[in-house]
Amino acid sequence: MPELPEVETIARDLRGLVVGATITDGRFDWPRTIAGVPPGEFAGWVAGRRIESVGRRAKFVLLELSGELALTIQLKMTGQVFVTRADAPLDRHVRVVLDLADGRQLRFRDMRKFGRVGVYRREAGGRLVPPSMSVGDLFGRHGPEPLADEFTLRAFRTRLRRRKGRLKSLLLDQSFLAGVGNISADEALWQARLHPLRRAESLRSSDEARLYRAIRSVLAEAIERRGSSVDDYTAPDGDGTMQERLAVYQRTGLPCLRDGHPIRRIILGGRSTHFCSWCQRLPARDRAGAEAILRAGRVAERTAMCRAGATRKAAATRRRGARWSELPAGEGIVGRPPSRPPPAPGAS
Ligand SMILES: [Zn+2]
């Protein structure tokens with residue numbers, strides 16, 4: 001599932017392609033994809049709006065439209081965004097099409113249909129609310145952006161010390177930090193040498209500082225590498241390469257890059273969790289209740305290791321299946337308008 005780095009990459013690619021374009025019409029083939037407004041009103045809300053800017057908040061791509069509206073794209077499991085010529089063939093997984101005045105289309109493709117395209121009103125205070133209501137804030141429950149300047153070590157400590165519970169679950173909690181997902185959480189914990197079952201309340205000050213730096217560096221590097229192209233993730237300008245740099249994620253049984261001990265995998269809150277039990281020690285005081293999770297993990301691990309080779313091969317095949325570059329002719333990106341310079345790296 002795309003996380004902060006992947007969504008940020010898509011937003012940056014889109015920025016170079018659609019800022020300044022005007023939407024002339026919109027349609028969908030699956031009403032539940034539409035959020036924020038009744039599906040029947042979707043076209044009415046977006047037609048005639050100019051795309052002013054493209055950004056990201058949490059795991060949402062945000063297209064700011066003229067008239068204080070925002071179009072949100074939530075990719076969930078299999079969502080993909082393309083900009084194509086209007087005459088490029090449609091495939092059956094395209095859920096939403098936005099016609100642009102310059103003859104192109106912005107298409108949202110989503111095989112599993114969990115993704116959402118929403119229309120919200122941007123209020124003066126910055127909140128995003130459904131246009132026909134005066135209550136509700138799309139990001140009201142989301143925590144801060146971990147890469148924002150104002151997210152300092154001090155701010156992180158303050159938030160952390162208000163929370164209890166195991167680190168992996170806490171990092172996945174979007175009300176704690178926005179955008180961190182399974183890959184970033186496992187990688188950050190490995191980098192900080194903290195066990196995923198470690199309790200937040202048992203961290204020393206130096207642990208907090210290492211975790212803070214690890215979260216930021218894992219996310220920043222992943223953005224630089226255009227995200228991890230696992231499963232169905234791709235961005236308008238192509239795949240990412242972060243998957244080649246991951247230390248623990250989907251490396252069950254392979255040697256830890258620090259000490260050579262095998263990477264272990266457990267299931268925590270329904271999500272697979274990867275770590276090295278040698279350099280990510282679980283202190284004795286955090287072991288209460290962890291034994292059962294670790295025991296269950298050993299069973300899952302053996303299964304995972306037996307299938308590891310085959311799974312990696314299958315994963316590579318699976319993710320190739322959904323690549324825009326391999327879709328029928330014409331279904332791909334049509335380069336950025338010639339008048340527009342490429343987006344500056346790091347621009348937001
Ligand atoms: Zn290790």
Side-chain angles (χ1 to χ4, degrees), residues 3-5 146 153 156 160 165-172 177 180-225 227-230 240-312 315:
E3 306 177 9
L4 187 155
L153 173 57
F156 178 60
L160 198 57
R166 307 201 184 273
L167 290 180
K168 174 69 186 280
S169 314
L170 187 59
L171 289 180
L172 291 184
L177 285 182
V180 177
N182 214 27
I183 303 178
S184 329
D186 283 5
E187 294 295 315
L189 288 168
W190 179 82
Q191 203 171 104
R193 300 195 304 278
L194 293 169
H195 196 289
L197 296 179
R198 183 81 182 262
R199 293 197 156 273
E201 56 272 33
S202 81
L203 294 186
R204 288 166 307 186
S205 177
S206 59
D207 297 325
E208 294 170 343
R210 276 204 321 283
L211 182 56
Y212 169 78
R213 284 194 296 267
I215 293 167
R216 305 232 314 172
S217 85
V218 161
L219 293 173
E221 185 187 356
I223 291 173
E224 205 172 295
R225 296 178 185 280
S228 304
S229 282
V230 295
T241 59
M242 187 65 184
Q243 68 278 9
E244 296 156 14
R245 299 271 303 172
L246 301 176
V248 286
Y249 186 77
Q250 289 188 348
R251 290 194 69 243
T252 311
L254 295 175
C256 171
L257 301 177
R258 255 195 304 254
D259 50 57
H261 288 80
I263 298 303
R264 307 200 38 200
R265 175 179 178 272
I266 56 172
I267 304 294
L268 194 53
R271 311 294 301 276
S272 63
T273 293
H274 309 78
F275 65 101
C276 169
S277 54
W278 185 262
C279 60
Q280 294 171 266
R281 286 288 168 101
L282 187 62
R285 64 185 175 284
D286 286 346
R287 279 188 200 147
E291 292 301 337
I293 300 172
L294 290 170
R295 240 192 333 272
R298 280 193 276 277
V299 177
E301 204 169 66
R302 273 196 293 275
T303 322
M305 279 168 68
C306 291
R307 290 185 322 207
T311 306
R312 265 190 290 277

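Indexing begins at 1, ligand by ligand and atom by atom, following the structure's order.
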In plain terms, say whether R193 and D207 are close enough for a salt bridge, that is, a side-chain N and a carboxylate O under 4.0 Å apart. no

Among V218, L246, L257, which one satisfies side-chain contact (heavy atoms from CB on, under 4.5 Å) with W190? L257

For the Zn ion (ligand 1), find the closest N/O/S atom on D259 and give its atom name. OD2

Closer than 2.8 Å to the Zn ion (ligand 1), do we get an N, O or S atom from H261, backbone or side chain? no

Compute the angle centred on the Zn ion (ligand 1) spanning SG of C256 and SG of C276, and express it rounded to 10 degrees. 110°

Salt-bridged, R199 to D286, with N to O below 4.0 Å? no

Partner of S228 by side-chain contact (heavy atoms from CB on, under 4.5 Å), out of E3, M242, E187: M242

